[in-house]
2 protein chains.
Amino acid sequence: MISKKTKYGLKALIHLARHYDEGPILIADLAREERIPKKFLEAILLSLKNNGILQSKKGKGGGYYLGRPPGKITLGQAIRVMDGPLAPVPCVSETAYAKCSECDNELTCGIRLVMKDVRDAIAGILDGTTLADVLEKVDSAEESEKVLNFYI
Amino acid sequence: MISKKTKYGLKALIHLARHYDEGPILIADLAREERIPKKFLEAILLSLKNNGILQSKKGKGGGYYLGRPPGKITLGQAIRVMDGPLAPVPCVSETAYAKCSECDNELTCGIRLVMKDVRDAIAGILDGTTLADVLEKVDSAEESEKVLNFYI
DNA sequence: CGGTACCCTACTATATTGGTAGGGTCTATA
DNA sequence: TATAGACCCTACCAATATAGTAGGGTACCG
């Protein structure tokens, strides 16, 4: 399960993507509109900035904005910053490999053999989905919802 | 990341699968051979038993054994018992659905739309892999390792 | 130069994880 | 039927992670 922190961060990123090219957005506005505790959101955005995903501007007219266009930011990048590696066991992580203490032969570990496939499946989706892709999915889902309501 | 508890449990299950049809196995033997803290393992095996995955026999000649043949126990079933739902967000779980508090329209939630695919990918693998499959993978990995060593 | 808005450190409460301790209960068998 | 073998059950504990809150510090725009 992904943490609340990660969900908040993703909601904020999606919001910033939707309002890309409208200039910096205030933490306070983001917090109010997405119903996220302001101080908590502040910390999340800061760490996204420190990891190159967001940029910020101080002072009047300041705020946060995406560091790259929505089509260049993947969910995988963002989630790794907030929730750590995608891999279910550290010994199959591509970005944060670590040996599993309880396993002596990595090549023949049954758990590892299966979890490698799981990691690849997860990473395949999350590294292949950008914020722009998410906006598109949401838009088309909203469209189908409207059509559905029309027939009801 | 899966918990240490789940890794211990899976190692125990794989061990029991490999020694299926050798009769009950002692917690103490399992703990020693797989290097798992005995008391901790005791609790894990008990919960696997209470969820129908294992069976046990008390008294002399007792121990734990699989509740079904290795080909009928999937990793998905076992992991759900020990680590909870496979889904990254509760609102896409098939076996333990729950509404996400921070989301008001499930049909058009961008996070949900993507996480649904992630859940399906994870569940596809783990519900499609049995203990027997794991044994097979391990055996063929050990075979390749031997061949490799031969040429070195 | 003043206010806006991000930046930084520290603190707290609660839940989860990874165990440990110490008996209780059932069961085979001698 | 006694007894030892082996699982069963309750309670506790320390360390870490999660989900925040508090209160200022610092940079920047106008």
Side-chain angles (χ1 to χ4, degrees), chain A residues 1-12 16 23-32 34-67 79 81-85 88-90 98 100-102, chain B residues 1-12 16 23-32 34-67 79 81-85 88-90 98 100-102:
Chain A
M1 291 276 180
I2 65 177
S3 62
K4 225 157 170 178
K5 173 179 166 184
T6 299
K7 281 194 225 172
Y8 288 157
L10 290 178
K11 290 186 83 170
L16 290 172
I25 293 181
L26 298 185
I27 295 177
D29 290 349
L30 215 37
R32 186 172 15 80
E34 300 292 342
R35 297 198 314 286
I36 301 171
K38 190 185 153 190
K39 277 296 200 176
F40 195 23
L41 179 60
E42 214 174 307
I44 297 167
L45 296 180
L46 191 58
S47 91
L48 286 170
K49 183 202 153 176
N50 290 334
N51 284 275
I53 292 174
L54 292 179
Q55 288 192 283
S56 66
K57 232 173 110 176
K58 286 184 183 179
K60 197 168 193 169
Y64 274 99
Y65 52 99
L66 298 184
I79 291 176
V81 167
M82 297 183 286
D83 240 21
V89 284
C100 287
S101 56
E102 40 307 304
Chain B
M1 290 276 181
I2 66 178
S3 63
K4 224 158 171 177
K5 174 179 165 183
T6 299
K7 280 194 227 171
Y8 287 156
L10 290 178
K11 289 185 84 171
L16 289 173
I25 293 181
L26 298 186
I27 295 177
D29 291 349
L30 213 39
R32 185 171 17 78
E34 299 293 340
R35 299 199 312 286
I36 301 171
K38 189 185 155 193
K39 276 296 199 177
F40 195 22
L41 178 60
E42 212 175 308
I44 296 167
L45 296 181
L46 191 57
S47 90
L48 285 170
K49 183 203 153 178
N50 290 334
N51 284 275
I53 291 174
L54 293 179
Q55 288 191 284
S56 66
K57 227 173 116 178
K58 288 183 182 177
K60 196 166 194 171
Y64 274 100
Y65 51 99
L66 298 185
I79 291 176
V81 167
M82 297 183 286
D83 240 20
V89 284
C100 287
S101 56
E102 44 297 314

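In what follows, chains are A, B, ... by sequence order, proteins preceding strands, each numbered from 1.
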Both B:G62 and A:I2 contact DNA chain D. Which one's nearest nucleotide lies toward the 5' end?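 Looking at the nearest nucleotide for each, B:G62 comes out on the 5' side.
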Partners meeting side-chain hydrogen bond (donor to acceptor under 3.5 Å, both in side chains) with A:Q55 (sequence neighbours left out):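 Per chain and number, A:Q55 pairs via side-chain hydrogen bond (donor to acceptor under 3.5 Å, both in side chains) with no residue.
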Can you give me the bend angle of the helix from C:dC1-D:dG30 to C:dA30-D:dT1? Use the axis through the first five pairs and the one through the last five, nearest 10 degrees.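 About 10°, once rounded to a multiple of 10°.
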Can you tell me how far [atom2] of [N] sits from [atom1] of [X], to the nearest Å?
| X | N | atom1 | atom2 | value |
| --- | --- | --- | --- | --- |
| B:K7 | C:dT17 | NZ | C1' | 13 Å |
| B:K38 | C:dG18 | NZ | C1' | 18 Å |
| A:D83 | D:dA19 | CG | C1' | 13 Å |
| A:K5 | C:dT14 | NZ | P | 21 Å |
| B:F40 | D:dA15 | CZ | C1' | 13 Å |
| A:L26 | C:dG3 | CG | C1' | 14 Å |
| A:L45 | C:dA5 | CG | P | 15 Å |
| A:M1 | D:dA17 | CE | C1' | 17 Å |

Within a strict 4.5 Å, meaning less than it, do heavy atoms of the [X] and [Y] side chains meet?
| X | Y | result |
| --- | --- | --- |
| B:E34 | B:Y8 | no |
| B:L10 | B:I79 | yes |
| A:V89 | B:K7 | yes |
| A:L54 | A:Y65 | no |
| A:L41 | A:Y64 | no |
| B:P85 | B:P90 | no |

Just compare C:dC7, D:dT21, D:dC7 and give me whichever is closest to any side-chain atom of B:I27.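 Among the listed nucleotides, the one closest to the side chain of B:I27 is D:dC7.
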Candidates C:dC6, D:dG20, D:dC8 - which lies nearest the side chain of B:K49: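 The listed nucleotide nearest to B:K49's side chain is D:dC8.
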C:dG19 OP1/OP2 closer than 4.0 Å to side-chain N/O of B:Y8: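 Yes, because at least one side-chain N or O of B:Y8 sits under 4.0 Å from OP1 or OP2 of C:dG19.
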When you measure from the side-chain N and O atoms of B:S56 to the phosphate of D:dA6, is any distance below 4.0 Å, counting only OP1 and OP2?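 Answer is no, no contact under 4.0 Å.
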When we call it a touch if two heavy atoms are under 4.0 Å apart, what does B:I25 touch: a base, just sugar-phosphate, or nothing?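 Sugar-phosphate, no base atom in range.
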With no hydrogens and no angle check, is any side-chain donor or acceptor of A:K11 less than 3.5 Å from a backbone partner on B:E102?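 Yes.
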Taking A:N51 for its side chain and A:S47 for its backbone only, find out whether a donor-acceptor pair lies under 3.5 Å.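 Yes, because the side chain of A:N51 sits within donor-acceptor range (under 3.5 Å) of the backbone of A:S47.
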With sugar-phosphate taken as primed atoms, P, OP1 and OP2 and all else as base, the protein-contact string of nucleotides 22-30 of chain D at under 4.0 Å (heavy atoms; B, S, -) is BBB--SBS-
